[in-house]
Amino acid sequence: LQDTVEKNEDEKAELKSAIRDMEQQLNELEKESISQKRGSEKEREQVAEKMNEHSQKLNNLKESDKSFENLESTTFQLRQIEKEFQDEKLEFDKREAELDTYISTTLVTIVAQKQEIEESIISLLEHQQEEMNTAFSVTQEATSQLTNLVNCD
């Protein structure tokens, strides 16, 4: 019986030692697990931070794309406005050239008509002068004849 008790005591001591070893291993594994959990949490935080950074970069790129699209749209609209302006300028230049031609033609016509009027006035004045000279001559001739008639009587 004593042998059995001693054997049980030895087994009990071995089991206690095994339990202490297992508890020590369990504590070490728990500490390692906590350390790994902390490391995983830090890693998870870093991954989440990087995801946020990438998400922000992606949003910035999307905004840049929108800005670029807006810039392209605005550039296209400006080109359209510039083309319309050029078309209007060409039309204006054409009308201005037509107006210049009309004004030049009108001025030439006015100058020609003025010249004709001046020539007509000069011709009229010359004719009138001739008429007056003729009338003066006729008057002098008539006066001379009257004077001769009066002197003859």
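Both backbone and side-chain heavy atoms feed into the values below; hydrogens, waters and symmetry mates do not. Everything quoted here is computed from the prediction, not taken from an experiment.
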I'd like to know if the side chain of [X] and the backbone of [Y] have a donor-acceptor N/O pair within less than 3.5 Å.
X      : Y      : value
Ser40  : Gln36  : yes
Ser123 : Glu119 : no
Ser35  : Lys31  : no

What I'd like to find out is whether the side chain of [X] reaches to under 4.5 Å of the side chain of [Y], using heavy atoms alone.
X      : Y      : result
Leu71  : Ser67  : no
Gln140 : Thr143 : no
Lys12  : Leu15  : no

Start with the C-alpha gap between Glu53 and Lys57, add the side-chain angles, then the distance that decides, and say whether salt bridge (charged side-chain N to carboxylate O under 4.0 Å, His left out) holds.
CA-CA 6 Å; Glu53 288 175 10; Lys57 285 180 182 178; 5.4 Å; no

Using 0.5 Å steps for rounding, measure from the [atom1] atom of [X] to the [atom2] atom of [Y].
X     : Y      : atom1 : atom2 : result
Gln25 : Leu29  : CD    : CG    : 7.0 Å
Glu98 : Ile103 : CD    : CD1   : 12.0 Å
Glu14 : Asp10  : CD    : CG    : 6.5 Å
Ser55 : Lys62  : OG    : NZ    : 7.5 Å
Thr74 : Arg79  : OG1   : CZ    : 11.5 Å
Glu23 : Lys16  : CD    : NZ    : 11.5 Å

Between [Y] and [X], do the side chains contain a donor N or O and an acceptor N or O under 3.5 Å apart?
X      : Y      : result
Gln145 : Glu141 : yes
Asn133 : Gln129 : yes
Gln56  : Asn60  : yes

Applying side chain to side chain contact (heavy atoms under 4.5 Å, CB included), run through Phe76 and Glu72 and close with a yes or a no.
CA-CA 6 Å; Phe76 177 75; Glu72 282 183 331; over 6 Å; no

If hydrophobic clusters are built by linking Ile, Leu, Val, Met, Phe, Trp and Tyr wherever their side-chain heavy atoms come under 4.5 Å apart, do Ile117 and Val108 end up in the same one?
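No; Val108 is not reachable from Ile117 via cluster members.
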
Taking only residues two or more places apart in sequence or in another chain, which ones pass salt bridge (charged side-chain N to carboxylate O under 4.0 Å, His left out) with Asp87?
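For Asp87 the salt bridge (charged side-chain N to carboxylate O under 4.0 Å, His left out) partners, ignoring immediate neighbours, are Lys83.
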
One pair to check against salt bridge (charged side-chain N to carboxylate O under 4.0 Å, His left out): Glu11 and Lys7. What are the steps and the verdict?
CA-CA 6 Å; Glu11 264 187 52; Lys7 191 177 179 185; 5.2 Å; no

